Amino acid sequence: MNDAIAAPGGPAEEGAVLLDLQAEADGVVAMFRDDFTGASRIWAERDVSVGCAFGQALLQFLRAALTFEDTDMDAALALLPPIHRAAQAAATAAGRKSGWLSWGSQGEVGLLPKLVALRGDVAVGGSEMICALIGLFRMSVSGYLTLMMAMRRAHSAFSSAASRLEGLNTTEARLKTTELSHAEAAVLATIEGGLNHGLGVLNLVMGMLPPKVASMVGVFGLRGDREVGIRKLLVAWDAQPSSMYAPIAALALLGYHAAMLFFRIAGDTSHNSEVAGRILAEALPKYPGSLFRYMEGRVARGQHDLGAAMSAYSHIPRDSLQALRHIVAYETGWVLMLTLKWSEAARHFQILATESKWAQGYYAYLVGICHFHAGNHSAADATFATVHLVARKSGPMGRPIPPEAFALKRSAMYKSAADRGVLPEDRLSVPALEIIFLWNCYQQCSRRDLEVFMGLLNERAAAPVSTVTAYNVAVIKASVLRLLGEKGAAAQELEFLDQMNVAKTLRKAGEDWCFPYGQVERGLLLLEAGDTRRARITIESAK
C-alpha cells in the first residue's frame with residue numbers, strides 16, 4: 001500500500017509516487033496485452049493509489065461495455081468508491097481545504113503532494129464518466145437520470161482540476177520550467193493526459209447522445225462538442241504517450257471512427273478511415289492484444305475488407321476475456337453471414353445464444369435465420385421455437401429491448417406460417433438479407449459481395465410474394481443498388497412509397513420499418529445528388 005499518500009497530512013514521497021505511477025503503467029500495458037489477471041493483480045497490490053483504483057474500475061467497465069450485462073455493470077460501479085477514497089486521501093495529504101484553490105501553506109506542502117491531489121481529481125472525473133456510460137448502457141429512465149447526474153459531476157471534477165492546475169501554474173513557477181523532479185514531471189504528464197482524455201470522452205459522448213437524451217443532459221447546461229472531444233483525445237494519444245490514459249484515448253478514438261464507418265448517414269468517411277488506420281499502425285506494435293485487434297477488425301469491416309476483419313479476429317486468443325470472446329464470436333458471425341457462410345455463422349451465434357445473458361432471444365434468432373438460409377429447416381424450426389423462451393420479455397424500459405422485440409416478432413411470424421402449413425422455405429421472406437439491411441451492414445461489403453446479394457434479392461423479387469414482402473425487398477434492393485452506384489434503378493425501386501396508404505398498409509402488417517427506412521434511402525439518394533435541403537426534409541420525416 002502507498003502509506004505516504006494514505007496518511008492524512010503525510011508527505012507524498014517521491015519514491016512512493018513513482019511506484020504508483022509504474023504500477024499504473026504496468027497494469028495498462030498488461031491489460032492491452034491480454035494479461036487481464038496480471039493487470040488486476042498489479043493494481044490490487046497498490047490499492048491506495050488512485051490510478052490503480054481507477055485501473056481496476058476501468059477493466060471491469062470494459063467487460064460491461066462489451067457485454068451490456070447487468071452483473072458486469074454492477075461490478076464496475078462497485079469499484080468506483082475506492083477511487084473517491086484514494087482521491088480524498090491525496091487531497092488531505094496535500095492539506096487542501098474546502099474551496100477550489102485552497103491548499104496548506106506554501107511552506108508546509110510541496111508541489112508533489114498538490115500534483116498527486118490533482119491526479120485524484122482527474123481520476124474522480126473518470127470514475128463519474130464510467131458511472132455515466134453505465135447509465136447510458138442500461139437504456140432505462142433511472143439509467144438516464146444516472147447519466148445526467150454523473151455527467152454533471154464529471155464535468156465539475158474535470159473543470160475543477162483544470163482550474164486548480166491553472167492556479168498552480170500561477171503560484172508554482174517551477175511548473176513552467178524544466179526543474180521538475182522525475183516524479184513531479186511524471187504526475188504532471190498523467191494529469192494532462194487524464195484531463196485531455198476525460199474532457200475528450202465527455203465532449204464526444206455528449207456530442208453523440210440521441211436528441212432526447214441530449215436534451216435531458218442539457219437541463220444542467222452541459223453541451224458536447226464532438227470536434228473538441230476528438231481533438232483532446234488525439235492530444236492524449238499523441239502528446240502524452242507515457243500517460244496511462246494514452247492507449248485508453250486511442251481505444252476511444254478507434255471506437256468513434258469505427259462507428260462513423262458504420263453509420264447510414266455519415267457522409268464521406270474517408271477521414272475516419274484514414275485516422276483510424278494511423279492510430280492502429282501506431283498502437284498495435286506497442287499493444288498487440290485483443291482490444292486493439294478487435295478494433296482493427298471493426299475498422300476493416302467499415303473499410304469493406306471482410307477478409308482483413310476475419311484475420312484480425314483470428315489473432316484474438318480463444319482463452320481471452322470471456323466478454324471479448326463473446327464480442328468476437330458476434331463480429332465473426334456477422335462477417336461469415338456477409339460472405340454467405342451460413343452454417344459457420346450459426347455456430348458462432350450459437351455461442352452467444354448459449355452463454356450470453358444480454359439478448360439470448362436475439363442471438364437465437366440469428367442462429368435460426370442462418371439455418372434457414374443454409375436450408376437446414378429442421379434446425380431452423382427448433383431454433384425459432386426457443387426464441388420466446390430465452391428472450392427477456394421485459395427490458396429496462398418495461399418492454400423488450402429493440403433486438404429482442406424484433407426477434408420475437410419474426411419468430412412469431414415463422415411459427416404462424418408453419419401452423420398454416422406454409423412450406424419451410426417460404427415461412428420468412430429474406431430474414432438474413434433484411435437484418436443485414438436494418439443493421440446497415442451492406443455498406444461494409446465489397447462490390448462483388450453486393451452483386452451476390454443483388455442476385456439473391458432479384459430471385460426473391462421474381463418469386464410469387466405478397467405485396468408487403470415485395471415492398472420490403474424493394475427497399476433492400478434500393479439500398480444495394482445505391483451502393484452499387486445505380487441510383488436511377490434505386491429510385492425506381494422506391495416509387496411504391498408514393499402510393500396512397502402504403503405506410504398504413506405496412507404498419508397494419510407489422511412491418512413498421514419498411515416505410516421510414518425507404519424514406520431514409522430516398523433521402524440518401526437526394527443527398528448524393530446534391531439536393532441537401534430536400535434530403536434533410538425527407539430523412540427528418542423518416543425519423
Side-chain angles (χ1 to χ4, degrees), residues 301 306 309-310 313 325-392 400-442 444-445 449 452-461 463 465-466 469 472-473 476 480 510-511 513:
R301 280 184 64 187
L306 299 180
M310 282 294 286
Y313 298 143
R325 289 203 311 275
H326 284 179
I327 197 69
V328 169
Y330 182 70
E331 293 283 323
T332 303
W334 268 99
V335 172
L336 291 167
M337 193 158 64
L338 291 171
T339 51
L340 308 184
K341 296 175 182 174
W342 305 113
S343 297
E344 293 179 54
R347 285 198 295 272
H348 283 80
F349 290 135
Q350 185 62 58
I351 295 171
L352 295 158
T354 303
E355 298 180 7
S356 175
K357 297 181 181 65
W358 179 63
Q360 284 179 294
Y362 164 61
Y363 297 135
Y365 177 72
L366 291 178
V367 175
I369 64 176
C370 287
H371 287 317
F372 178 89
H373 282 280
N376 190 350
H377 296 298
S378 60
D381 287 347
T383 305
F384 285 130
T386 67
V387 171
H388 77 284
L389 298 175
V390 297
R392 290 195 297 176
I401 58 175
E404 296 266 77
F406 184 83
L408 285 165
K409 180 186 290 187
R410 283 292 184 263
S411 298
M413 289 174 61
Y414 185 90
K415 183 179 184 301
S416 175
D419 292 342
R420 297 194 310 270
V422 176
L423 292 174
E425 59 270 23
D426 294 326
R427 290 174 186 169
L428 290 174
S429 177
V430 281
L433 277 60
E434 174 188 58
I435 206 165
I436 289 169
F437 168 75
L438 291 173
W439 267 234
N440 195 34
C441 291
Y442 284 116
Q444 300 163 27
C445 297
D449 294 329
V452 171
F453 281 116
M454 197 68 223
L456 294 175
L457 289 163
N458 284 333
E459 286 178 17
R460 189 59 183 170
V465 294
S466 68
T469 296
N472 288 352
V473 172
I476 301 171
V480 176
E511 300 294 349
W513 67 265

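This structure is a prediction, so every number in the text was calculated from the model and none was measured.
Under a 3.5 Å cut-off, the side chain of Thr339 and the backbone N or O of Leu336 do form a donor-acceptor pair. Checked by atom type and distance alone, the side chain of Thr332 never pairs as donor or acceptor with a backbone atom of Ala329 at under 3.5 Å. Of the possible polar contacts, one joining the Ser466 side chain to the Thr469 backbone as a donor-acceptor pair under 3.5 Å is found.
Side-chain N/O atoms of Arg347 and Ser343 include no donor and acceptor closer than 3.5 Å.
Separating the CG atom in Asp381 from the CZ atom in Phe372 is a distance of 10.0 Å, to the nearest 0.5 Å.
Phe349 and Trp334 have perpendicular rings, their planes meeting at more than 60° on a 0 to 90° scale where under 30° would count as parallel.
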Inset, instruction - Tell me, with the steps shown, if Arg427 and Asp419 meet salt bridge (Lys or Arg N to Asp or Glu O under 4.0 Å). - result: CA-CA 10 Å; Arg427 290 174 186 169; Asp419 292 342; over 6 Å; no

Inset, instruction - Take Asp449 and Tyr442 through the test side chain to side chain donor-acceptor pair (under 3.5 Å) and record every step on the way to the result. - result: CA-CA 9 Å; Asp449 294 329; Tyr442 284 116; over 6 Å; no

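Looking only at side-chain heavy atoms (C-beta outward), Met337 and Cys370 come within less than 4.5 Å of each other. Residues Arg420 and Ser416 form a side-chain contact, since some pair of their non-hydrogen atoms from C-beta on lies under 4.5 Å apart. Contact check for Leu366 versus Ile435: side-chain heavy atoms found under the 4.5 Å cut-off. Using a 4.5 Å heavy-atom threshold, the side chains of Thr386 and Gln360 count as separate. Contact of the Leu352 side chain with the Trp358 side chain is not registered, since no non-hydrogen atoms from C-beta on lie closer than 4.5 Å.
Minimum heavy-atom separation, Ala309 to Val335: CB-CG2, 4.3 Å. Contact record, Val390 with Ala364: CG2-CB, 4.3 Å, taken as the closest heavy-atom pair. Across Phe384 and Ile369, no two heavy atoms sit closer than the pair CZ-N, 3.7 Å.
Separation of the Trp513 and Phe406 ring centroids does not fall under the 6.0 Å cut-off.
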